[in-house]
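Data block below; observations after.
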Amino acid sequence: MSAINSNLESFRNWKHANLAIAVVLIGALAIFPLFKPPLDGFIDDCVLALAYVVMALGLNIVVGFAGLLDLGFVAFYAFGSYAAGWFASDFFSSINGEKGIHIGAGTFASTLPGIHLNFLLVLVAAVIITSIAGMIIGLPTLRLRGDYIAIVTLAFGEIIGRFAVNGQIGGFKYTNGRQAISPVDALDLPLLKEFDSAFSIRGYYWVALTMVAFSLFVNFRLRDSRLGRAWIAIREDEVAAVSMGIPLVKTKLMAYAAGAAFGGLSGAFLGTYFNSVNANQFQFAFSIFILSMVILGGLGSIWGTVLGAITLSFINSYFIPDVFNGIPGSLGLDFDLTQLSFGIFGFLLVMVMILRPEGLLPEKRRRLELKEGIGADEAIVEVRA
Amino acid sequence: MSTSGSIDPGAPEVAELATEVEGALLSAENVSKIFGGLVAVNDVTVAIPRKKIVSIIGPNGAGKTTFFNMLTGLYKPSRGKIVLDGADITGHRPDKIMAGGVARTFQNIRLFSTMTAVENVMVGQHARMRAGLIGSILRPPRVGREERGTREKARDMLGFVGLETKTFDELAINLSYGDQRRVEIARALASEPRLLLLDEPTAGMNPQESEVLTTFMKRLRDELDLSILLIEHDMKVVMGVSEHITVLDHGEKIAEGDPATVRANPRVIEAYLGKQG
Amino acid sequence: MNVATLPPQEEIRTTPVSERLRKFFSAYGLWIVLLGLPVFYGIKDLQDEGDLSRLGNNLFAGLSNGAIWALIALGYTLVYGIIELINFAHGDVFMIGSFVAVGMWGTVGLALTTGTLGLIAGLLVTLIVAMVVCGTMNVMIERVAYRPLRSAPKLAPLITAVGFSFILQNVGIVWLGSSQKGVPDLIKAQHVLVSVAGIDIHNSDVLALAVTAPLVFLLTTFVNHSRSGKAMRATAQDPEAARLMGINVDTTISLTFLLGGLLAGAAGLVYALYQTNVWYFQGFTAGLIAFTAAVMGGIGNLKGAVIGGLIIGCIQQISDNRIGAQWTPAVVFAYLVLIMVFRPQGLVGEETREAG
Ligand SMILES: Nc1ncnc2c1ncn2[C@@H]1O[C@H](COP(=O)(O)OP(=O)(O)O)[C@@H](O)[C@H]1O
Ligand SMILES: [Mg+2]
């Protein structure tokens, strides 16, 4: 028994434990769709879950690592999706004399008007746009205290959602609002040729899985770096951090940019996967959906965030609509449980915060902070002392 | 007591000071800090020569910590000028000042309590490291070397300040009080400062520990060629290490000079007696 | 987690240039921005139409609409003043207030045919019920979701507040469905009672002001002059010291939530009569608008919350009428961001401890 324990212990301390977990997990996940029908509903749920993992890992950098409560993460989902909508559809159909601009686009897309970039270029564009947007939104929050940061980011998220819905200013049309930009070009990547048809979503699944692997890699690397330490330092004590030579503005902006980039990455992927970009998607509730994932899993904990994202994603896309939706009816109540998913997430937030604020798979530092209130709210007193 | 105006203009200290400012590592010239209506620091001039230990003493609330906070850039002086090695750094950002070679500890220890001792000291080296966002992600050999070097240096520093090896990887919050003070000093030293500011480092220490710290400060000056500015209440420590002492009371400089001069100054005695009642 | 931990706002600086810019904006910017809209459209009206009655109508409608925001904003400001929490669920408590009010009309038998006296009596009953329900609910939310987290990092109760906001919205969905629901126009809201100098005064305007003014008066009197009010202010200043002086801090905090809830309930009734429709999502928007008002007025400041509410009401009306209702939320949120960034202490906010 103790042998097992000490084995476990040494495994935890093993430098490459995370790598090992990741490789085994991702390897197993990679082959499983082959055992399912190519358009299986479960694979569909998995694709969504993976995309949300990427989002949540991004938000975890901002909220979990750097401690900046961002309630407007949906903004980056929007920008990412619109990157796909703008650069991989016929939205700008009059461009280039209605002949369109095509860079590495698929064979079919190459015949259409509008801008059509290769999926990978769309991802790059999304990352660039969202990291810049992240910094711009971050800038005004830099001097604010935590709860004000939350409200300002929320307001930005709402403003951007509003712009998305309205769709045009004067004569300039930049989204289709609630009409959706559609169709967005399907995935068309060299190695996934045989899967890019309408008859299989396995290609999307593998792309999403690759993105998760990439995000995990980046998250771990950042956490254990000069920058990661600086984020934690700022989160714990800004005054001490800046006195130790950490530039607050730059370090916080990097957190915003890095986090936003993942939102954009995932957003561009989802735009492509859904085949359309509709302004209805970009609501405050989405920010809370992603935040709930991070909090449920454990603020600052990478594996926790993954777990939280997968759990909530499946609750949202599988358990609520497919499994539990019969319950209200059988209780003689007349409503659709899917309408209540956000009430359920709200309830979850309250419960987690009260009963287990450190989350399912807590990160050791955060457990200390959340359980014992370490490092919170003392700075003013101390600087004066 | 009323302490308007500084000590007699003709006093010898002032002349002495003027010559010192020339080659000083850091000098604060006529700095004041006003909070709302409260004048926390009033027209104070202090010069810190190279490789010397200089102290600021004064009763609680005299404005010593506020003065520190201005030197390190946390507060912007309401008036006056701060010059580091010939360059005007008044109003510069704290992280810039730290990068320029001024490191500090805090009166109420401010370690990152959920980081280990080693990680705390690694944070202290932030300004001496180069890895950026992309570098941290891709971790090319240069960054890997830098990271390892930083960690090694952190351990060396912790050894240097006398922390036991087995506590290196303890979370800061779990360290003993004395060890926390040590880690804070190590964290400051790790940034390779030219000037070290210590805010009441012996607070909460027993006489033996204070003794050790006194020797240690001298070692820092002699072996690392550091200048040290010390805020301290323990007169034994102050008189033992300082080459120059400045006395603040109610935000004003009421006396300065070498330990013997200051000890004999009636206003200093009054300030301390007045405070202790 | 590091919130509210900066030394005095003025102290930690980013760069000198942005600092100077910020100082300028913080001193004058908000006023410039606030006056910008009405002055711009005033001049435009004078040029185009030769008089200011359109702007006057905008502003008056803004005031009465703003009266509702003021009632809600007071709830934010009271709570923030005492425990420094953005009570995110507050807007949704207000929404529940509307729902309760609408439900009560049916219960007490109010309909379009009810006579004036009956209407007034019925609405008074409704008002009291809505207020009591919301007050109680607010107190219970505090007990369940905030009190256990009082020693936790500040962001923890903010997160539970967001959680509760969603829970209440879903209560709203279960109750009345997820689309806007028209309710009987009991007071003939759009009926023009009188017209003064080209400004139309509707029944709804009179109602909003007639409910708000006495409530605000009662609240300020209570907070400023009653024993409990003094306890509230003492707790707001320094909870620890208040506790030492024998004030029951928990009770005082509950009382604060009660007061905020009462006002939200009243706002709920007024809103239902004024807008003649209700829906589960009204609380989210109203909550953010009212929070903007509270911050604009200087959070923690009762007078400020009222002024902020009225100003936001006017901005909204002008925006609805001139820029387009579809942009109004963006306009309001833009104001929110500007205020937060350039003048977090608000318009009438005294220099707070942190701004010192
Ligand atoms: N941020 C601040 N805001 C307002 N007053 C302050 C602030 N910091 C310090 N003070 C006041 O300035 C005076 C000097 O304090 P301080 O520098 O901490 O004294 P010392 O370190 O000598 O004990 C005290 O009266 C203190 O209350
Ligand atoms: Mg002090």
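Everything numeric here is computed off the predicted structure, so don't read it as measured data. Naming: A, B, ... by sequence-line order, numbering from 1 per chain.
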If the plane angle is over 60° it's perpendicular, under 30° parallel, otherwise tilted; pick one for Tyr75(B) and Phe35(B). perpendicular
Proximal component of Asp224(A), with respect to chain B [non-hydrogen, under 4.5 Å]: both
Go through the atoms of Leu171(B) and report whether side chain, backbone, both or neither lie under 4.5 Å from a heavy atom of chain A. side chain
Given that the side chain runs from C-beta out, which part of Ser136(B) has a heavy atom under 4.5 Å from chain A: side chain, backbone, both or neither? both
Checked Ile246(A), Leu222(A), Leu227(A) vs chain B; the most non-hydrogen pairs under 4.5 Å come from Ile246(A)
Given a strict heavy-atom distance threshold of 4.5 Å, which part of Ala257(A) is in contact with chain B: side chain, backbone, both, or neither? neither
Which residue in the set Ile149(A), Thr141(A), Val62(A) passes side-chain contact (heavy atoms from CB on, under 4.5 Å) when paired with Asp70(A)? Val62(A)
Closest heavy-atom contact between Ser243(A) and Phe106(B)? OG-CZ, 3.5 Å
Give a yes or no on whether a salt bridge exists between Asp179(B) and Arg182(B), defined as a side-chain N under 4.0 angstrom from a carboxylate O. yes
Which residue out of Gln125(B), Glu200(B), Met129(B) racks up the most heavy-atom pairs below 4.5 Å with chain A? Met129(B)
Considering only heavy atoms and a distance below 4.5 Å, find which of Glu147(B), Arg104(B), Arg139(B), Glu146(B) pairs most often with chain A. Arg139(B)
From the list Ala230(A), Gly228(A), Ala240(A), the residue making the most non-hydrogen contacts under 4.5 Å with chain B is Ala240(A)
Toward chain A, the part of Arg130(B) with a non-hydrogen atom under 4.5 Å: backbone
Take the angle between the ring planes of Phe119(A) and Phe269(A) and call it parallel below 30°, perpendicular above 60°, tilted in between. perpendicular
One should read off an interatomic distance between Arg187(B) CZ and Thr105(B) OG1, to the nearest 0.5 angstrom, of 9.0 Å
Out of curiosity, Arg128(B) CZ to Lys153(B) NZ, how far, rounded to the nearest 0.5 Å? 7.5 Å
